[in-house]
Student: 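Mind looking over this structure? Questions follow.
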Amino acid sequence: HTLIALVAVICSATGLRAQTSNALSGLSRWSVQVETGVGLFHGLTTSPSMSTRQVVPIWRLGGDYALHKGLHLGGEVGYMRMKWNDTDILDRITSTPNYKVNGYLTTLTTRMARMDNRHNAHLYQLQVHANYDLMHRWPIQQLPQFHLFTGLGIGYIHAKAQEEGIWAYKEEAISQTDQNLTIYSHAYVEHKSQHSRWNALHLTIPVRAAYDLCPHMSLFAKAEYQLMLFKHSQAPRGIVTATLGLQYHLGR
């Protein structure tokens with residue numbers, strides 16, 4: 001309700017200004033926008049046994065400049081958080097020679113089992129793109145306020161990642177002589193955490209449908225696919241996003 005009221009106030013104010021200004025005032029070719037929605041990633045090669053992959057929120061701020069004949073140039077900054085879990089059991093067995101038990105040297109066998117692995121990555125994005133309004137070429141006469149943009153762009157991602165894992169350990173060693181048999185056994189759980197950073201370039205393919213609520217305000221829905229170029233080992237193969245946003249067209 002607050003957002004609807006804000007849009008109504010802006011449209012009323014800008015509409016009144018347009019009626020009282022001269023014919024040359026109009027709108028500039030610049031506009032700013034804000035959008036929010038959800039994102040989903042795929043193709044993460046470092047986690048082939050991924051069990052849960054969460055749909056995560058995404059926020060963006062951007063600007064747009066309209067060229068002639070339906071061509072627009074734009075740029076955006078955004079934030080997205082990737083989260084996923086690995087719940088498979090990963091077993092590793094290691095042997096340590098010359099381990100002393102009851103005063104005698106023997107071999108210590110350690111079995112390590114990963115019980116759970118949780119990943120979080122904060123993605124900070126910057127991208128630029130060129131879009132073309134298809135309705136500029138094929139206008140719908142009954143809906144002159146409707147626009148359909150498609151385009152191509154390139155972007156950069158800087159990520160801060162954290163991996164947290166829970167490991168279970170079981171140690172065993174046997175010391176045997178002619179007179180004695182000693183068995184050593186010990187079990188414990190360890191929590192491991194590590195941080196990393198990575199960067200990636202991506203090709204972005206956006207499709208955006210917009211409707212002019214008033215001369216200075218447009219509502220839009222956008223779907224976008226980001227294909228990673230020169231992919232980092234910890235980056236996904238691609239990201240799919242769907243957002244809703246408001247665009248404000250600046251006056252001259």
Side-chain angles (χ1 to χ4, degrees), residues 3-4 6-8 10-11 13-15 17-18 25-43 55-80 123-158 200-229 236-252:
L3 180 59
I4 295 175
L6 178 60
V7 172
I10 294 176
C11 287
T14 55
R17 186 197 315 172
S25 63
L27 301 176
S28 77
R29 296 176 181 176
W30 288 100
S31 62
V32 293
Q33 64 194 45
V34 59
E35 59 186 287
T36 184
V38 294
L40 184 66
F41 62 94
H42 73 90
V55 177
V56 293
I58 182 172
W59 297 272
R60 291 184 183 140
L61 293 173
D64 186 272
Y65 181 75
L67 298 174
H68 294 290
K69 300 182 180 180
L71 182 62
H72 290 239
L73 300 179
E76 298 167 344
V77 293
Y79 168 79
M80 176 182 176
L123 274 58
Y124 302 93
Q125 298 180 317
L126 171 66
Q127 57 188 34
V128 293
H129 44 74
N131 297 298
Y132 182 74
D133 184 4
L134 298 178
M135 293 299 102
H136 181 81
R137 191 172 182 88
W138 300 287
I140 300 177
Q141 300 299 330
Q142 295 81 2
L143 290 174
Q145 300 89 358
F146 179 75
H147 307 273
L148 181 61
F149 295 91
T150 184
L152 192 65
I154 191 168
Y156 168 80
I157 293 177
H158 174 68
L201 291 176
H202 67 270
L203 184 71
T204 176
I205 306 173
V207 176
R208 176 164 59 100
Y211 184 80
D212 299 333
L213 300 174
C214 60
H216 280 269
M217 184 71 68
S218 299
L219 176 68
F220 67 86
K222 182 169 70 174
E224 185 174 275
Y225 180 71
Q226 298 173 356
L227 176 65
M228 298 298 153
L229 305 174
R237 173 57 57 189
I239 300 175
V240 180
T241 64
T243 58
L244 291 174
L246 285 174
Q247 187 174 33
Y248 181 76
H249 308 283
L250 303 175
R252 288 182 179 174

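Keep in mind the model is a prediction, meaning the values are calculated, not measured.
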Student: Between CD of Gln127 and CG of Leu203, what distance do you get to the nearest 0.5 Å?
Tutor: 10.0 Å

Student: At what distance, to the nearest 0.5 angstrom, does CG of Leu67 lie from CG of Asp133?
Tutor: 12.5 Å

Student: Which atoms form the tightest heavy-atom contact between Ala200 and Met228, and what is the distance?
Tutor: CB-SD, 4.1 Å

Student: Write down the atom of Gly245, the atom of Leu219, and the distance for their closest heavy-atom approach.
Tutor: O-CD1, 3.4 Å

Student: Short question: side chain of His216, backbone of His249 - any donor-acceptor pair under 3.5 Å?
Tutor: yes

Student: For the residue pair Val34 and Phe220, what are the closest heavy atoms and their distance?
Tutor: O-CZ, 4.2 Å

Student: Do you know the tightest heavy-atom contact between Leu152 and Asn131?
Tutor: N-OD1, 4.5 Å

Student: Using side-chain heavy atoms (C-beta onward) and a distance below 4.5 Å, is Ile154 in contact with Thr204?
Tutor: no

Student: What's the separation between atom CG in Leu148 and atom OH in Tyr211, rounded to the nearest 0.5 Å?
Tutor: 15.0 Å

Student: With rounding to the nearest 0.5 angstrom, report the CG to CZ distance, Asp64 to Arg208.
Tutor: 6.0 Å

Student: If you measure from CD on Glu35 to CG on Leu61, what distance do you get to the nearest 0.5 Å?
Tutor: 8.5 Å

Student: Looking only at the aromatic ring of each residue, does the gap between the centers of Tyr124 and Tyr79 stay below 6.0 angstrom?
Tutor: yes

Student: Any chance you could lay out the side-chain contact (heavy atoms from CB on, under 4.5 Å) test for Leu134 and Thr150, step after step, and finish with the verdict?
Tutor: CA-CA 8 Å; Leu134 298 178; Thr150 184; 4.2 Å; yes

Student: Quick one: closest heavy-atom pair of Arg237 and Tyr225, and the distance?
Tutor: O-OH, 4.4 Å

Student: Answer yes or no: is there an ion pair linking Arg60 with Glu224, defined by an N-O contact shorter than 4.0 Å?
Tutor: yes

Student: Taking all heavy atoms of Leu244 and all of Ala221, pick out the closest pair and write down the distance.
Tutor: CD2-CB, 3.6 Å

Student: Quick one: does Ile157's side chain get under 4.5 Å of Met80's, heavy atoms only?
Tutor: no

Student: Report the distance from atom CG of Leu123 to atom CD1 of Ile58, rounding to the nearest 0.5 Å.
Tutor: 8.5 Å

Student: Side chains of Asp212 and His147: donor-acceptor distance under 3.5 Å anywhere?
Tutor: yes

